[in-house]
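Remarks on the structure that follows.
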Amino acid sequence: MPCDWKDRLESLGMPILGATEGKTYRLGIMGGTFDPIHYGHLVAAEQAYSDLGLNVVVFMPAGRPAFKLDKKVASGEDRFAMTLLATADNPHFLASRFEIDREGVTYTADTLRRLRELYPENVEFYFITGADAIAEIVAWRDADDIARVAHLVAATRPGYNLDRAMDAIAASGIDFDVTYLSVPALAISSSYLRERVHNGQSLRYLTPDPVTGYLHKHRLYGASARHYGQTGDVFA
């Protein structure tokens, strides 16, 4: 690795791992839109950290997600701010601007290849996502590179039928290494939270309170600035 690799990682807000030769490090990468982030994301990351012996989990909000170009998504700055608030009190979680600061459409393969260039070979990548995404990942851009660079961690809700995901992986002919984790909190979804905000319903116990405060203060998803349970313009 170039002698300045630590400086490069630090400038990108990424954790510095890999300094000790002969030691293996495990970097968890929690990818997603986080629109907004919720306890399902956080519990999945915590379980992956514990079960897989990860050194740290980096939450990486997507910049311009390739699969959501035709959908309305909160700005990268807002999604990063909420992610930062949600992860601030966990010493082994880190929120990164790695993707939102890059220009153009966000592709997972590009991100993983860039990270592989930055980190020493004794740092292993564990890309954490939902089981629904695992079923689709075989059709993602440069899926073979994703399989080459990272282990995949598929977070599932209890009772989720894994057949579709497993069949898609098996039929792809690509050598994916996938670990499946059952996470009760994944019954929560970002779309469900957005719907509740739009309907003036509480988000308590669904996402950290600082996230709720932020999205109301900035009036995301039709929220009110004054009251958490009120929509519309309270100053009209």
Side-chain angles (χ1 to χ4, degrees), residues 1-37 41-42 44-46 48-49 52-69 73-129 133 140-143 145-153 208 210-211 214-215 218 220:
M1 296 294 295
C3 61
D4 64 344
W5 66 277
K6 292 183 182 180
D7 292 337
R8 293 166 66 191
L9 288 173
E10 191 172 50
S11 70
L12 293 167
M14 295 296 294
I16 298 173
L17 299 175
T20 302
E21 293 185 11
K23 178 180 178 180
T24 299
Y25 298 80
R26 293 184 169 188
L27 172 61
I29 303 162
M30 188 77 179
T33 313
F34 303 129
D35 190 29
I37 191 169
H41 298 126
L42 298 168
E46 182 69 18
Y49 171 84
L52 301 176
L54 306 181
N55 293 92
V56 63
V57 178
V58 177
F59 285 72
M60 198 172 287
R64 292 185 61 209
F67 57 94
K68 291 190 175 181
L69 293 177
V73 177
S75 72
E77 292 298 334
D78 284 328
R79 291 183 288 108
F80 173 74
M82 290 187 286
T83 301
L84 185 63
L85 289 168
T87 58
D89 65 348
N90 190 321
H92 47 260
F93 285 176
L94 179 68
S96 171
R97 299 179 60 90
F98 190 88
E99 286 195 346
I100 66 167
D101 282 345
R102 294 176 63 196
E103 296 182 356
V105 178
T106 301
Y107 293 100
T108 297
D110 291 342
T111 295
L112 292 173
R113 282 192 294 254
R114 176 62 173 151
L115 290 174
R116 186 70 282 167
E117 293 172 357
L118 291 169
Y119 278 99
E121 289 298 322
N122 61 337
V123 179
E124 298 179 351
F125 300 150
Y126 288 75
F127 184 76
I128 308 165
T129 188
W140 288 6
R141 178 174 173 174
D142 296 338
D145 274 357
I146 296 174
R148 176 181 58 83
V149 173
H151 306 276
L152 301 182
V153 182
V211 173
Y214 182 94
L215 66 87
H218 294 271
L220 303 180

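Excluded from the calculations below are hydrogen atoms, water molecules and symmetry mates; all remaining heavy atoms, backbone and side chain alike, are included. We count residues from 1, following the sequence as given.
- Contact check for L115 versus I29: side-chain heavy atoms found under the 4.5 Å cut-off.
- Using a 4.5 Å heavy-atom cutoff, the side chains of P36 and L220 are not in contact.
- When side chains are defined from C-beta on, M14 does not count as touching L94, because their heavy atoms never get closer than 4.5 Å.
- Using a 4.5 Å heavy-atom threshold, the side chains of V56 and L17 count as touching.
- Taking CZ from F98 and CG from L9, the interatomic distance works out to 9.0 Å, rounded to the nearest 0.5 Å.
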**Message:** Evaluate V123 against R116 for side chain to side chain contact (heavy atoms under 4.5 Å, CB included), listing each step before the verdict.
**Reply:** CA-CA 9 Å; V123 179; R116 186 70 282 167; 4.2 Å; yes
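- Looking at E124 and T24, their side chains never bring a donor and an acceptor atom within 3.5 Å of each other.
- N55 places a side-chain N or O within donor-acceptor distance of the main-chain N or O of R26, the cut-off being under 3.5 Å.
- Note that the OH atom of Y107 and the CZ atom of R141 stand 5.0 Å from one another [nearest 0.5 Å].
- Remark: side-chain polar atoms of T106 are paired, donor with acceptor, to backbone N or O of G63 under 3.5 angstrom.
- Shown here for V211 and A86, the closest heavy-atom pair between the two residues is CG2-CB, 3.8 Å.
- The ring of F34 has its center closer than 6.0 angstrom to the ring center of H41.
- Between I16 and W5, the closest side-chain pair of non-hydrogen atoms falls below 4.5 Å.
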**Request:** Tell me, with the steps shown, if I146 and L152 meet side chain to side chain contact (heavy atoms under 4.5 Å, CB included).
**Result:** CA-CA 9 Å; I146 296 174; L152 301 182; 3.9 Å; yes
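- Contact annotation: the side chain of Y119 approaches that of L27 to within less than 4.5 Å [non-hydrogen atoms, C-beta and beyond].
- Scanning all heavy atoms of the two residues, the minimum distance from F93 to A45 falls at CZ-CB, 3.7 Å.
- Distance OG1/T108 to CZ/F127: 4.0 Å, rounded to 0.5 Å.
- T87 contributes atom OG1, which lies 11.5 Å from atom CE of M30 (distance to the nearest 0.5 angstrom).
- Using a 4.0 Å cut-off between charged side-chain N and carboxylate O, R64 and E103 make no salt bridge.
- No side-chain heavy atom of P61 sits under 4.5 Å from any side-chain heavy atom of I37.
- Using a cut-off of 4.0 Å between Lys/Arg side-chain N and Asp/Glu carboxylate O, E117 and R114 are scored as salt-bridged.
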**Asked** For M60 and I100, what are the C-alpha separation, side-chain angles and deciding distance, and is it a side chain to side chain contact (heavy atoms under 4.5 Å, CB included)?
**Response** CA-CA 8 Å; M60 198 172 287; I100 66 167; over 6 Å; no
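- The CG atom of L84 lies 11.5 Å from the CE atom of M82; values are rounded to the nearest 0.5 Å.
- Side-chain contact between I128 and L54 is present, with at least one heavy-atom pair separated by less than 4.5 Å.
- N122 contributes a side-chain N or O that, together with a main-chain N or O of T20, makes up a donor-acceptor pair within less than 3.5 Å.
- The NE2 atom of H92 sits 4.0 Å away from atom CG of N90, with the distance rounded to the nearest 0.5 Å.
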**Asked** Step by step, would you call V153 with T129 a side chain to side chain contact (heavy atoms under 4.5 Å, CB included)?
**Response** CA-CA 6 Å; V153 182; T129 188; over 6 Å; no
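- Judged as a salt bridge (charged side-chain N to carboxylate O under 4.0 Å, His left out), the pairs with a partner in residues 77-92 (not counting sequence neighbours) are, in order, E77-R97.
- Remark: the backbone N or O of V73 is not paired with any side-chain donor or acceptor of D35 at under 3.5 angstrom.
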